[in-house]
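Data block below; observations after.
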Amino acid sequence: MVLTPLVYWAQRHEEIYLRVELTDAQNIDVHVHEKVLRFRAQGHGAKGQNEYEFSLEFILPVKAEVSHKSTQRQVNITVRKEQRGWWERLVQERKPVFLAPDFDRWLDESDAEMEIREKEEKRNRLKASRHKEQGFVSLKTGFLFVYNLVQFLGFSWIFFNMTVRLFMFGKDSLYDTFHAISDVMFFCQILAAVEVLNAAFGVVRTGVAPTLIQVVGRNFILFIIFGSLEEMHNKPVVFFVFYLWSAIEIFRYPFYMLGCFNTEWKALTWLRYTVWIPLYPLGVIAEAVAVIQSIPIFDETKLLSIPLPKAVGTSISFSYFLHVYLILMFLGLFINFRHLYKQRKRRFRTKKRKAN
C-alpha cells in the first residue's frame, strides 16, 4: 500500500513552493518529467515511520530543475514555472486529498505583485547605498594611498640621502645632518599629525593613544629639542634619531599603501611587523640621549623657563620638565611596544589560521 504524506503548496509568479510534512526524511528522490513531479522518501509522517511517495501533474509546464531542502520537520521543494504567470490551480485533475494550501506562504496575485515591488524597491535602495558606500570607500582609499605614498617618498629620501652622505663624507656627515635633512623631516612629521586624526575619526582602525604618543613624542624631539636649540644642530645624535625614524617608516608606509588595495607582499609584511623590534627601542634611546644632551643647554640659556614672581626672584628651568619627560618617554615606549607586539602577534596568528 502506497503511503502519501501531507503536502502544502503556495505559488509566486515564477515559482511553486511545496512543503512535505515528513520528519527526519532520508533517501529523498524528487524529480520532474514533463509536467509531473514525483516524490519518494523515508521518514516519519502521518502513518509513522515508513516510505512515502506522491505525484502531482501540474496544469502548466515547469522546468526540469527542482530543488529541495530537508529539515528535521519537513521537506521544502521549489519548482520553477516554464513561463512567468499566475496559475488558477496547481494540478490538472481534481485536487488530491493530501494536498492543501500553505497559508503561511499563501498570497493572492495582487499581494504577490506588491511583494515583487517591495523586493525591487529594497534591492534598489540596497544598490544605491552600496554605490554611495563604494564612492566613500574609493575616496577614503585614494586619500590614504596618497598620504602613505607622500610619507614613503619623504622618509625614503631622508633614509637614502643620509646613507649616501655617510658613504661619501664619513663621520663628517654626522655633524651637518640637521642642516641637510631637517626641512624634509619637518614636513613629514607635521604631516604625521594626519594619522592621529585618522585614528580619532575612524578613517583607519587603530588605537588613538599609541598613534598620539608616537607623533607627539617625535614632534617634541624635532621641534623643541632640535629645532629650538641651535647648539643641538651639530650633534651626532641628530643623525641617529633621523636615521632610526626613517628606517622604520620606509617599511611601514609601503605596507599601508598595498593595504589600501587589499594586496600583500609577504616579505614586506614580515619586515613591517618585525623591523620595529630592534629599531623602535634604539630610536627611543637616541631620543633620550638627545634630551639628556639638551638639559644643560636649557639650564644655561634659560630658554622656555617659567618665570616666577619677583618676590621669589627666580624661574623654573625647562630642564625640570625634561627630567619628567624622560620618565614619560620610557612609559610611552612600554605602551607602544606592547601595542605593536599585540599587532604582530594578532597578524601572524591570523595568517597561521588561514594557512591551516
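If you're wondering where the values come from, they're calculated on a predicted model, not measured in any experiment. Quick note: residue numbers are just sequence positions, from 1.
Using a 4.0 Å cut-off between charged side-chain N and carboxylate O, R84 and E14 make a salt bridge. We find that E21 and R19 are joined by a salt bridge, their nearest charged nitrogen and carboxylate oxygen being less than 4.0 Å apart. Ion pairing between a basic and an acidic side chain is recognised when a charged N comes within 4.0 Å of a carboxylate O; D176 and R165 show such pairing. Under a 4.0 Å N-O distance rule, the pair R252/E249 qualifies as a salt bridge.
One N or O on the side chain of T71 and one on the backbone of Q74 form a donor-acceptor pair closer than 3.5 Å. The backbone N or O of K302 sits less than 3.5 Å from a side-chain atom of S305, completing a donor-acceptor pair. Counting only distance, with no hydrogens or angles, the side chain of T263 and the backbone of G259 share no donor-acceptor pair below 3.5 Å. Panel note: side chain K81, backbone G85; a donor-acceptor pair is recorded below 3.5 Å. Between the Q11 side chain and the W87 main chain, a donor and an acceptor come within less than 3.5 Å of each other. Using a distance-only test at 3.5 Å, with no hydrogens or angles considered, a donor-acceptor pair links the side chain of K95 to the main chain of L99. Although no hydrogens or angles enter the test, the distance criterion places a donor-acceptor pair under 3.5 Å between the side chain of T269 and the main chain of W265. Checking side-chain atoms of S173 against main-chain N and O of G170 turns up a donor-acceptor pair under 3.5 Å. Listed for the K171 side chain is no donor-acceptor partner under 3.5 Å among the backbone atoms of L166. For the pair S246 (side chain) and Y243 (backbone), a donor-acceptor distance under 3.5 Å is present.
Transitive grouping of hydrophobic side chains (ILVMFWY, heavy atoms separated by less than 4.5 Å) keeps I77 and V36 in distinct clusters. Following chains of ILVMFWY side-chain contacts shorter than 4.5 Å, one can reach W157 starting from Y253, so the two form part of one hydrophobic cluster. Hydrophobic clustering (ILVMFWY, side-chain heavy atoms < 4.5 Å, transitive): I59 and V79 are in one cluster. Note: the hydrophobic cluster containing W270 also contains F152 (ILVMFWY, side chain heavy atoms under 4.5 Å, direct or indirect links). Residues V184 and F240 are members of one and the same hydrophobic cluster, defined by side-chain heavy-atom contacts under 4.5 angstrom among Ile, Leu, Val, Met, Phe, Trp and Tyr.
With a 4.5 Å cut-off on side-chain heavy atoms, I16 and L18 count as touching. Under the 4.5 Å side-chain criterion, counting only non-hydrogen atoms from C-beta, E230 is in contact with H233. Contact of the V241 side chain with the F239 side chain is not registered, since no non-hydrogen atoms from C-beta on lie closer than 4.5 Å.
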* Asked: Given the rule in the side chain to side chain donor-acceptor pair (under 3.5 Å) test, do Y17 and D102 qualify, once you have shown the distances and angles that lead to the verdict?
  -> CA-CA 9 Å; Y17 304 119; D102 186 353; over 6 Å; no

* **Chi angles and distances behind the side chain to side chain contact (heavy atoms under 4.5 Å, CB included) call for F143, V194** => CA-CA 11 Å; F143 164 73; V194 173; 3.8 Å; yes

* To do: Show your working on salt bridge (Lys or Arg N to Asp or Glu O under 4.0 Å) between R40 and E51 and close with a plain yes or no.
  => CA-CA 7 Å; R40 181 191 296 268; E51 185 174 67; 3.3 Å; yes

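Between F178 and F186, the ring-plane angle classifies as perpendicular under the 30° and 60° cut-offs. Using the six-membered ring where Trp is involved, W106 and W9 have ring planes that are perpendicular, over 60° apart on the 30 and 60° scheme. Ring geometry, F318 versus F298: the interplanar angle falls from 30° to 60°, so the pair is classed tilted.
Counting heavy atoms of neighbouring residues, nucleotides and ligands inside a 6.0 Å radius, atom CD of E300 does not exceed 12 of them. The neighbour count for Y341 OH, taken as heavy atoms of other residues, nucleotides or ligands under 6.0 Å away, does not exceed 12.
When the salt bridge (charged side-chain N to carboxylate O under 4.0 Å, His left out) test is applied to R272, no partner is found at least two apart in sequence or on another chain. Listed by chain and residue number, I225, F226, M232, V237 satisfy the side-chain contact (heavy atoms from CB on, under 4.5 Å) test with A290 (two or more places apart in sequence, or in another chain).
Proximity of the aromatic rings of F98 and F54 is defined here by a centroid distance below 6.0 angstrom, and this criterion is met.
A cation-pi arrangement, defined by a distance under 6.0 Å to the six-membered ring centre and an angle within 45 degrees of its axis, is absent between R347 and Y273.
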